[in-house]
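Let me begin by presenting the structure, written as structure tokens, before commenting on it.
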Amino acid sequence: MENWVDKLLHWYEKEKRDLPWRNTGDPYKIWVSEIILQQTRVNQGIDYYLRFVSKYPTVSSLAAASEDDVLKMWQGLGYYSRARNMLHTARYIEESLGGKFPRTYQQIRGLKGIGDYTAAAIVSFAFNQPYAVLDGNVMRVYSRLLGIDEPVDSSSGRKKLQLIANDYLPEKNSASYNQAVMELGALICLPKKPFCTQCPIQDQCYAYSHTLTAKLPVKQVKKKIVKRFLNYLVIQSGDSIIMRKRPRGDIWQGLYDFPCIETAAAGTPLALASSKEWRRIFRNRKVIVLSVSSEYRHVLTHRLLLAKFISLKAGRKEIELPEGCEWIKLRNISDYPVPRLIDIYLSENFLNLNN
DNA sequence: AAGTCGGGGCG
DNA sequence: CGCCCAGACTT
């Protein structure tokens with residue numbers, strides 16, 4: 001029916017790499033290989049796999065090992081919970097399942113350290129059961145092949161791709177088909193600069209015919225934590241203090257904080273004093289800096305705020321009130337909504353006011 | 001749904 | 001330096 005499936009399988013049989021775990025049908029060794037290869041490149045995992053199955057050739061031998069020894073075998077590979085979970089699961093199989101590796105998807109999926117992908121991989125590769133694997137390679141291949149533009153790292157995107165993978169999985173050659181799709185992703189359909197001219201199913205590919213290979217798959221924009229340096233001016237005069245209602249289009253809209261000079265890096269009071277904002281607020285006059293706080297760190301979802309509070313004493317008439325700012329009686333300050341950062345600062349520095 | 005967990009290879 | 005890798009688990 002779908003001729004491209006045969007092309008893909010043919011390509012796989014011809015081009016597949018000779019990897020050590022492809023020469024065994026032992027579910028234990030396939031399990032070991034799949035755990036090692038989680039978030040790990042094949043080339044990095046090969047030596048670890050060979051050493052591991054050499055030292056622990058069976059579930060029983062692994063179950064009898066100490067955690068120190070297993071972790072030592074894992075040293076340098078990372079994600080060490082994988083090794084601890086394997087030991088735990090080996091002992092469970094040994095003690096509760098009579099040392100016999102389980103054979104059904106549901107049983108295997110329930111083992112510690114085995115999720116959807118690994119359970120499908122084991123039952124497919126070891127027992128040729130029709131469960132579709134979905135890993136990074138498979139998601140990339142189907143995203144391009146079918147033009148799926150939903151983020152593959154969202155739960156809805158993964159769910160959709162799993163259904164697609166289930167749908168495309170042939171009933172008979174599931175083991176070969178699963179590995180063929182992954183191998184295509186690993187050798188041809190690369191994240192960057194894929195070798196489309198060598199792809200056996202290029203003529204089927206939506207992304208190729210629409211020149212979208214560079215755009216697919218879509219990933220959620222990684223919210224990298226951006227630092228913001230806030231230099232707050234805590235200006236007091238008599239029983240009053242200047243606060244600012246935060247404007248729209250920025251964090252903490254509608255809450256109150258202080259007049260703020262934001263800088264690209266940690267600012268020193270001396271540098272701030274020569275800034276345009278400072279000179280405008282204080283009308284080019286000298287003011288008395290009472291104190292400069294240490295740096296407060298405040299984490300938001302996508303921001304790391306590094307705040308300093310510069311406490312100043314000034315006469316009201318010497319001040320040019322910045323946009324959105326107002327004098328507030330200190331005794332009323334608890335009536336105003338403030339961000340957590342400001343609340344902490346106030347509680348540490350105006351303790352008498354906050355109870 | 002987002003955060004956490006390691007380390008290495010590659011452009 | 002950022003991205004990505006035969007992901008799973010916790011919060």
Side-chain angles (χ1 to χ4, degrees), chain A residues 12 16-22 24 27 29-49 52 71-89 108-126 131-144 150-159 161-162 165 169 174-195 213-226 299-304:
Chain A
Y12 174 66
K16 67 178 178 183
R17 293 167 289 181
D18 183 19
L19 302 173
W21 45 85
R22 283 184 173 157
T24 179
K29 290 181 178 173
I30 291 172
W31 171 50
V32 172
S33 75
E34 291 303 334
I35 301 298
I36 286 177
L37 292 173
Q38 286 172 7
Q39 292 295 287
T40 303
R41 292 176 190 279
V42 164
N43 287 337
Q44 187 187 2
I46 290 178
D47 288 344
Y48 282 91
Y49 169 81
F52 199 97
L71 287 173
K72 187 67 182 175
M73 292 297 291
W74 213 266
Q75 182 179 301
L77 197 53
Y79 285 147
Y80 298 96
S81 65
R82 292 183 291 177
R84 288 186 276 105
N85 287 338
M86 277 190 78
L87 178 57
H88 177 276
T89 291
I108 293 172
R109 177 62 180 82
L111 299 173
K112 187 168 289 188
I114 296 183
D116 291 343
Y117 163 79
T118 303
I122 293 172
V123 295
S124 169
F125 303 164
Y131 287 83
V133 297
L134 186 66
D135 72 337
N137 290 313
V138 177
M139 290 193 286
R140 187 169 57 255
V141 168
Y142 283 128
S143 169
R144 286 173 174 165
E150 202 163 345
V152 297
D153 54 351
S154 67
S155 54
S156 65
R158 268 198 308 279
K159 199 172 296 179
L161 284 162
Q162 182 70 64
L169 185 74
S174 78
S176 293
Y177 180 83
N178 273 332
Q179 297 191 70
V181 178
M182 286 194 290
E183 196 79 339
L184 189 72
L187 299 182
I188 302 292
C189 196
L190 306 182
K192 296 171 184 174
K193 299 195 175 184
F195 298 112
T213 54
K215 300 280 188 183
L216 296 174
V218 173
K219 295 212 159 187
Q220 287 178 333
V221 281
K222 210 163 287 182
K223 298 197 191 338
K224 67 173 182 181
I225 303 226
V226 176
V299 182
L300 302 178
T301 308
H302 55 305
R303 295 283 185 269
L304 173 59

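Labels below follow one simple rule: chain letters A, B, ... track the order of the sequence lines, proteins then strands, and each chain is numbered from 1.
Between the P atoms of C:dA8 and B:dG8, the separation comes to 22 Å (whole Å). With P as the reference atom, B:dG3 and C:dA6 are 24 Å apart, rounded to whole Å.
The two residues A:Arg144 and A:Pro217 have their closest heavy-atom pair at NE-CD, 4.3 Å.
Using a 4.0 Å heavy-atom criterion, one finds that A:Trp21 contacts the bases of the nucleic acid, with or without backbone contacts as well. At the heavy-atom level, A:Leu19 lies under 4.0 Å from base atoms of the strands shown. Nucleic acid contact class of A:Asp116 (heavy atoms, under 4.0 Å, all strands): sugar-phosphate only. Using a 4.0 Å heavy-atom distance criterion, A:Ser81 is classed as making no nucleic acid contact.
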Under 3.5 Å, which N/O atoms of the protein pair with N/O atoms of nucleotides 9-11 of chain C?
{"from": "C:dC9", "atom 1": "OP1", "to": "A:Gly113", "atom 2": "N", "distance (Å)": "2.6"}

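Among B:dG6, C:dC5, C:dA8, the nucleotide with an atom closest to any side-chain atom of A:Thr118 is C:dA8. The listed nucleotides are C:dA6, C:dC5, C:dA8; the one nearest the side chain of A:Arg140 is C:dC5. In the set C:dG7, C:dC5, C:dA6, the nucleotide with an atom closest to the side chain of A:Asn137 is C:dA6.
In this structure, CG of A:Leu37 is placed 15 Å from C1' of B:dG9, rounded to the nearest angstrom. Taking atom CE of A:Met139 as the reference point, atom P of C:dA6 lies 11 Å away to the nearest angstrom. The nearest whole Å value for the distance from the CZ atom in A:Arg41 to the P atom in C:dG7 is 10 Å. Regarding A:Gln44, its CD atom lies at a distance of 11 Å from the P atom of C:dA6, rounded to whole Å. If you measure from atom CD of A:Gln39 to atom P of B:dG7, you get 14 Å, rounded to the nearest angstrom. Between the CD1 atom of A:Ile122 and the C1' atom of C:dA8 there is a distance of 13 Å, given to the nearest Å. Between the CG atom of A:Asn178 and the P atom of C:dG7 there is a distance of 13 Å, given to the nearest Å. Spacing between atom CD1 of A:Ile35 and atom C1' of C:dC5 amounts to 15 Å, rounded to whole angstrom units.
In this structure, CD1 on A:Ile30 lies 12.5 Å from CD1 on A:Ile35, to the nearest 0.5 angstrom.
With a 4.5 Å cut-off on side-chain heavy atoms, A:Trp74 and A:Arg84 do not count as touching. Looking at heavy atoms from C-beta onward, A:Leu161 lies out of side-chain contact with A:Val138 at the 4.5 angstrom threshold.
Of the two residues contacting DNA chain C, namely A:Lys192 and A:Ser33, the nearest-nucleotide position lying further toward the 5' end is that of A:Lys192. Nearer the 5' end of DNA chain B, as judged by each residue's closest nucleotide, is the contact made by A:Ser154, out of A:Gln38 and A:Ser154. Nearest-nucleotide mapping onto DNA chain B: of A:Lys193 and A:Leu77, the residue sitting toward the 5' end is A:Leu77.
Using modelled atom types and a 3.5 Å distance limit, the side chains of A:Ser154 and A:Gln220 yield no donor-acceptor pair. If you check the side chains of A:Lys72 and A:Gln75, you find a donor sitting under 3.5 Å from an acceptor. Of the N and O atoms on the side chains of A:Gln38 and A:Tyr117, not one donor lies less than 3.5 Å from an acceptor on the other residue.
Checking the phosphate oxygens (OP1, OP2) of B:dG7, a side-chain nitrogen or oxygen of A:Tyr80 falls inside 4.0 Å.
Between the side chain of A:Arg82 and the backbone N or O of A:Leu77 there is at least one donor-acceptor pair closer than 3.5 Å.
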